[in-house]
Chemist: 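Take a look at the following structure, please.
Because only heavy atoms are used, hydrogens play no part in the values below, and waters and symmetry mates are left out as well, while side chains stay in.
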Amino acid sequence: MATAVFQQALGTLQSHGCFGSSGFPPESSNSSLKLISKGFKVDVAFIKSGNHCFRNKSFSVIHASTSQATVFDPVSAPSSNTTSDSKKKSSEAALILIRHGESMWNEKNLFTGCVDVPLTKKGVEEAIEAGKRISNIPVDVIYTSSLIRAQMTAMLAMTQHRRKKVPIIQHDENDQARAWSQIFSEETKKQCIPVITAWQLNERMYGELQGLNKQETADRYGKEQVHEWRRSYDIPPPNGESLEMCAERAVAYFQSQIEPQLRSGKHVMIAAHGNSLRSIIMYLDKLTSQEVISLELSTGIPMLYIFKEGSFIRRGSPVAPTEAGVYAYTKRLAQYRQKLDEMPE
């Protein structure tokens with residue numbers, strides 16, 4: 001049913017003249033279509049915390065759902081006389097955010113922070129499921145933290161992508177690392193996706209809490225004190241980082257390194273951590289410091305944003321790779337999905 005709806009959507013695009021005889025848009029055109037999923041909605045529900053020893057605390061949990069009815073809203077596109085700055089702003093790109101799957105210290109209820117802990121079997125499964133959800137969404141470059149749980153999540157997710165490109169970690173530590181990891185086949189390079197690791201995207205450093213059991217720490221210092229360390233915006237744990245400090249480095253890196261990629265039209269995936277991603281979402285959604293401390297991100301659930309005309313538009317989480325609604329967000333995503341469907345398996 002979803003496939004039929006998707007094909008019907010593409011047929012509507014073609015009838016509006018958005019696609020040339022080859023099935024793709026002509027290189028020069030003064031019109032475009034904004035595609036809107038009629039039944040897609042992002043619901044924000046509030047639930048009580050069940051495993052973090054918080055009293056009367058609610059967290060916003062994002063759910064996404066789609067119906068199979070799709071409508072199209074014609075909009076005018078910039079003329080060919082627009083300036084280069086306007087062209088950059090009109091670039092449309094996908095931004096995918098994924099919090100890493102469950103780690104071995106998540107499973108043991110230990111404070112992890114910047115300790116480099118791998119995924120559990122459940123975490124591996126969550127990463128693979130995340131990959132299925134984004135398997136039809138284009139990815140040109142991947143950013144992860146320097147921690148293995150985020151890198152594992154990114155790599156495992158990409159094993160599910162229909163384009164079958166290979167994620168390759170970029171080693172820029174020194175000249176020798178760059179030389180030894182060089183690829184000499186141009187054809188092979190085309191089938192690779194660069195993976196850039198950055199400590200600025202690491203989880204916030206929990207200082208003297210790292211490695212401690214969360215329940216035992218609450219029993220020792222009191223639930224209110226531990227809650228203040230974990231959920232306040234500007235109060236750090238002993239010799240650690242506050243969310244504010246984490247946000248300073250994560251958002252600065254996003255603005256200087258990742259946002260320019262999106263402005264150039266590159267599709268970006270970020271696999272990182274609860275606090276570094278909350279910091280970035282605070283910037284994208286213009287949340288206040290009070291709003292961001294109530295934001296809870298589930299492990300292994302991708303969030304999709306569209307960067308268009310200089311703004312970030314949150315589209316929720318892709319529900320499943322076969323649902324047509326998510327691909328009707330934009331003409332460019334619909335195009336990409338059609339190309340994938342036309343490729344031989």
Chemist: Is any side-chain heavy atom of Leu110 closer than 4.5 Å to one of Tyr206?
Modeler: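 The answer is no; the side chains never approach within 4.5 Å.
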Chemist: For residues Leu284 and Leu95, report the shortest heavy-atom separation together with the two atoms involved.
Modeler: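 Heavy-atom minimum between the residues: CD1-CD2, 3.8 Å.
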Chemist: What is the ring orientation for Trp229 with Tyr221, classed by angle as parallel under 30°, tilted 30 to 60°, or perpendicular over 60°?
Modeler: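 Trp229 vs Tyr221 ring planes: perpendicular.
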Chemist: May I ask you to decide if Asn275's main-chain N or O and Arg204's side chain share a donor-acceptor pair within less than 3.5 Å?
Modeler: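 Judged by distance alone, no pair lies under 3.5 Å.
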Chemist: Verify the cluster assignment for Ile148 and Ile128: are they in a single hydrophobic cluster under the rule of side-chain heavy atoms below 4.5 Å apart?
Modeler: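 Same cluster: Ile148 reaches Ile128 through Ile, Leu, Val, Met, Phe, Trp or Tyr contacts under 4.5 Å.
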Chemist: Does Gln151 use its side chain to pair, donor to acceptor, with the backbone of Ser146 at less than 3.5 Å?
Modeler: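 Flag set: sc Gln151 to bb Ser146 pair under 3.5 Å.
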Chemist: May I ask you to decide whether Glu186 forms a salt bridge with Lys189, counting only side-chain N to carboxylate O separations under 4.0 Å?
Modeler: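 So Glu186 pairs with Lys189 through a salt bridge.
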Chemist: Is it true that a side-chain atom of His100 and a backbone atom of Ala127 form a donor plus acceptor pair closer than 3.5 Å?
Modeler: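 Not a single qualifying donor-acceptor pair exists.
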Chemist: Checking Glu126 against Thr299: is there a side-chain donor and acceptor pair closer than 3.5 Å?
Modeler: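 Judged by distance alone, the side chains do pair up.
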Chemist: Between the side chain of Arg278 and the main-chain N/O of Leu295, is any donor-acceptor distance below 3.5 Å?
Modeler: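 Yes.
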Chemist: Quick one about Gln261 and Tyr143 (side-chain donor to acceptor, distance below 3.5 Å, no hydrogens or angles considered), yes or no?
Modeler: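 There is such a pair (donor and acceptor under 3.5 Å, judged by atom type) between the side chains of Tyr143 and Gln261.
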Chemist: Is the number of heavy atoms from other residues, nucleotides or ligands under 6.0 Å of Met245 CE greater than 12?
Modeler: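 For Met245, atom CE is crowded (more than 12 foreign heavy atoms under 6.0 Å).
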Chemist: Do Ile193 and Leu304 sit in the same hydrophobic cluster, where Ile, Leu, Val, Met, Phe, Trp and Tyr count as joined when their side-chain heavy atoms come under 4.5 Å apart?
Modeler: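 Linked within one cluster.
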Chemist: Below 30° counts as parallel, above 60° as perpendicular, anything between as tilted: where do the rings of Phe312 and Phe307 land?
Modeler: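 Tilted.
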Chemist: Looking only at non-hydrogen atoms, find the nearest pair between Ser276 and Asn202 and report the distance.
Modeler: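 Looking at all heavy atoms of both residues, the shortest contact is CB-O, 3.5 Å.
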Chemist: Should we say atom NZ of Lys165 is surrounded by more than 12 heavy atoms from elsewhere, each under 6.0 Å from it?
Modeler: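 Counting neighbours around NZ of Lys165, more than 12 heavy atoms of other residues, nucleotides or ligands fall under 6.0 Å, so yes.
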Chemist: Restricting to non-hydrogen atoms, name the atom on Ser103 and the atom on Thr112 that form the minimum distance, rounded to 0.1 Å.
Modeler: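 Looking at all heavy atoms of both residues, the shortest contact is OG-OG1, 4.3 Å.
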Chemist: Among Thr217, Asp219, Asn213, whose side-chain hydrogen bond (donor to acceptor under 3.5 Å, both in side chains) with Gln215 holds?
Modeler: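 Option passing the side-chain hydrogen bond (donor to acceptor under 3.5 Å, both in side chains) with Gln215: Asp219.
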Chemist: Check Glu296 with Arg231, please: is the shortest side-chain N to carboxylate O separation under 4.0 Å?
Modeler: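 Salt bridge: yes.
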Chemist: For Ser135 versus Gln160, what's the shortest heavy-atom pair and its separation?
Modeler: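 Nearest heavy atoms, Ser135 then Gln160: CB-O, 3.3 Å.
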Chemist: Hydrophobic clustering (ILVMFWY, side-chain heavy atoms < 4.5 Å, transitive) - are Val117 and Leu209 grouped together?
Modeler: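 No; tracing contacts between hydrophobic side chains, which count when under 4.5 Å, never links both residues.
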Chemist: Over all heavy atoms of both residues, which pair between Pro237 and Met205 is shortest? Give the atoms and the distance, please.
Modeler: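 Looking at all heavy atoms of both residues, the shortest contact is CG-O, 4.4 Å.
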Chemist: Tell me if a side-chain donor or acceptor on Gln210 pairs with a main-chain N or O of Cys114 at a distance below 3.5 Å.
Modeler: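 Yes, Gln210 side chain to Cys114 backbone: donor-acceptor pair under 3.5 Å.
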Chemist: Are Phe111 and Val115 linked, directly or through intermediate hydrophobic residues, by side-chain heavy-atom contacts shorter than 4.5 Å (ILVMFWY only)?
Modeler: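 Hydrophobic grouping puts Val115 apart from Phe111.
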Chemist: Same cluster for Ile258 and Ile168 if Ile/Leu/Val/Met/Phe/Trp/Tyr side chains link at under 4.5 Å?
Modeler: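 Different hydrophobic clusters.
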Chemist: Are Trp199 and Arg249 side-chain neighbours, meaning at least one heavy-atom pair lies under 4.5 Å?
Modeler: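 Heavy-atom side-chain distance check passes, below 4.5 Å.
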Chemist: Might you point out which heavy atoms bring Glu244 and Asp234 nearest each other, and give the distance in Å?
Modeler: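 Answer, listing the atom of Glu244 first, then Asp234: OE1-CB, 3.4 Å.
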Chemist: Show, in sequence, the C-alpha distance, side-chain angles and deciding distance for Glu203 and Arg149, and conclude whether the salt bridge (charged side-chain N to carboxylate O under 4.0 Å, His left out) test is met.
Modeler: CA-CA 11 Å; Glu203 179 59 284; Arg149 56 192 185 272; 5.3 Å; no
Chemist: Any side-chain heavy atom of Leu156 within less than 4.5 Å of one from Leu119?
Modeler: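 Leu156 reaches Leu119 side chain to side chain.
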Chemist: Test your reading of the model: is there a side-chain donor-acceptor pair from Glu291 to the backbone of Thr288, 3.5 Å cut-off?
Modeler: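 Side chain of Glu291 to backbone of Thr288, a donor-acceptor pair under 3.5 Å: yes, one is there.
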Chemist: Does a side-chain N-to-carboxylate-O contact under 4.0 Å join Glu216 and Arg220?
Modeler: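 Salt bridge between Glu216 and Arg220, a charged N being under 4.0 Å from a carboxylate O: no.
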